[in-house]
Number of protein chains: 2
Amino acid sequence: MILINNQKYTTLLTELRYNCCMLKRTLAIQKALSESGYRITQPRRAVIEVILRARRSLSPEEVLARARKIDPSVSLATVYRTLDVLHEQGHLNRVRIGKKGYALVCSERELHFHLVCKRCRSVVELQPDRFSKALMTQLHNLGFAWQQNAIEIIGLCAKCNPAG
Amino acid sequence: MILINNQKYTTLLTELRYNCCMLKRTLAIQKALSESGYRITQPRRAVIEVILRARRSLSPEEVLARARKIDPSVSLATVYRTLDVLHEQGHLNRVRIGKKGYALVCSERELHFHLVCKRCRSVVELQPDRFSKALMTQLHNLGFAWQQNAIEIIGLCAKCNPAG
DNA sequence: AAAATTTTGAGAATGATTCTCATTAACAAT
DNA sequence: ATTGTTAATGAGAATCATTCTCAAAATTTT
């Protein structure tokens, strides 16, 4: 076993793991879209990758800026169009935070919770657990067909919460 | 005991109960706002009453139209301003449904779930149960201070769901 | 590779939301 | 009740996010 006791390497490794995980998710969403009859284009690929890779919720303008680093031709219209597609397919939610603006939270997995901080816009994912399973059962029994992979809970994270 | 076997009276009674319940809630929200230093004005009262009384999610324009039946002077600006206040205080959520438009869901009680149908905009409330209690505990343990009374789950209700 | 179809970029058009400011209403203190 | 202080309001103008338009380009199918 190799032990590297170095902050730099640890950070790099964490980053690598994160990117790898998000790449998988990006591909999963692309596959899902493709199977629903949507074409997987360069701009869409870029937008999806940007939203998934982000550790916090981005505004459409921010998504555009980051997506252009991958594909400089992407337009704002396409960002909005892709957001619509993702939302329609249940991969993305838009929830209002504060007086202005929304949180965009994207996910390819089954029903689970996202904790969105309205101050720093960070997004923490609650692992799908017994609660979400029980909730799914309850919804199912009511005949309610939910159309979102994630449920957003808005508030202040531990860091941004003055009282905590 | 008096038994009235008449559809008309049953409907009336149900309606009465509903109105009574919503009146209580309206007052509860007014009290909460007042305690937070907001003034309880006629237009605010009207807007809050309209949103709470509605059995489905309304658009701001719809809220305006209904509020004007209570207080004809209410302006659209005030509707938006009141929505902001309610949202800031955690009484109201705005979540996107479909390509255009939002659901406005208002609540004065503790953390619980709302099922919003994106087709008929109906809102069904899940009774606060062991799941929401457990969820609250989990959030608390993470140091996350949620700022909404209700969590909206978007989808199709049993009536609007073609598969169900 | 060509055909069929969807998607795109650019910028104009739209329309929801916010802003401005003089006026009014709510609340606290008297 | 009256007054003073201050927040809240209505009206419409201003802003800005979002959608629309359409010819051109990209994707997928044949």
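Every chain is numbered from 1, with letters handed out A, B, ... down the list of sequences. Because the structure is a prediction, the values reported are computed rather than measured.
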Trainee: Using ring pair (Phe, Tyr, Trp, His ring centres under 6.0 Å) as the criterion, list what pairs up with A:Tyr102, not counting sequence neighbours.
Mentor: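 Expected list: B:Tyr102.
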
Trainee: Find every protein N or O atom lying less than 3.5 Å from an N or O atom of nucleotides 25-28 of chain C, and list the pairs.
Mentor:
unit_1	atom_1	unit_2	atom_2	d
C:dA26	N3	B:Arg39	NH1	3.2
C:dC27	OP1	B:Ile40	N	2.9

Trainee: B:Leu156: which other cluster members, linking ILVMFWY side chains closer than 4.5 Å, directly or transitively?
Mentor: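 Cluster partners of B:Leu156: none, it stands alone.
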
Trainee: Name all residues meeting the side-chain contact (heavy atoms from CB on, under 4.5 Å) criterion together with A:Arg25; count only those two or more places apart in sequence or in a different chain, and write none if there are none.
Mentor: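 If we apply the side-chain contact (heavy atoms from CB on, under 4.5 Å) test to A:Arg25, skipping adjacent residues, the hits are A:Cys21, A:Met22, A:Leu52, A:Glu108, A:Arg109, A:Glu125.
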
Trainee: List the residues meeting side-chain contact (heavy atoms from CB on, under 4.5 Å) with A:Ala103, not counting sequence neighbours, and say none if there are none.
Mentor: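 A:Ser57, A:Val95, A:Ile97, A:Val105, A:Val116.
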
Trainee: Check nucleotides 22-24 of chain D against the protein and report each pair of N or O atoms closer than 3.5 Å, with its distance, or say if there are none.
Mentor:
none

Trainee: Do you see a donor-acceptor pair shorter than 3.5 Å between the side chains of A:Asn149 and A:His91?
Mentor: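 A donor-acceptor contact under 3.5 Å links the two side chains.
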
Trainee: Under the side-chain contact (heavy atoms from CB on, under 4.5 Å) rule, collect the residues that match up with A:Glu110, sequence neighbours excluded.
Mentor: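 Once residues adjacent in sequence are excluded, the partners of A:Glu110 under the side-chain contact (heavy atoms from CB on, under 4.5 Å) criterion are A:Met136.
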
Trainee: Starting from the first five and the last five pairs of the helix from C:dA1-D:dT30 to C:dT30-D:dA1, work out the angle between the resulting helix axes, to 10 degrees.
Mentor: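 If I round to tens, the end axes sit 70° apart.
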
Trainee: Can you sort out which residues in residues 52-72 of chain A have a heavy atom within less than 4.0 Å of DNA chain D? Ascending by number, please.
Mentor: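 Listed by number, they are A:Pro60.
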
Trainee: What residues, two or more places apart in sequence or in another chain, satisfy ring pair (Phe, Tyr, Trp, His ring centres under 6.0 Å) together with A:His112?
Mentor: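 Result, ring pair (Phe, Tyr, Trp, His ring centres under 6.0 Å) vs A:His112: A:His114.
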
Trainee: Which other residues end up in the same hydrophobic cluster as A:Leu27, if Ile, Leu, Val, Met, Phe, Trp and Tyr are linked when side-chain heavy atoms come under 4.5 Å apart?
Mentor: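 When side chains under 4.5 Å apart are linked, the cluster holding A:Leu27 also contains A:Leu23.
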
Trainee: Using the test side-chain contact (heavy atoms from CB on, under 4.5 Å), find all partners of B:Asp71 that sit at least two apart in sequence or belong to another chain.
Mentor: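 So B:Asp71 forms a side-chain contact (heavy atoms from CB on, under 4.5 Å) with B:Gln42, B:Pro43, B:Ala46, B:Ser73, B:Val74.
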
Trainee: What's the closest nucleotide to the side chain of B:Asp84 if the choices are C:dT18, C:dT17, C:dG9?
Mentor: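 Given the options C:dT18, C:dT17, C:dG9, the side chain of B:Asp84 is closest to C:dT18.
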
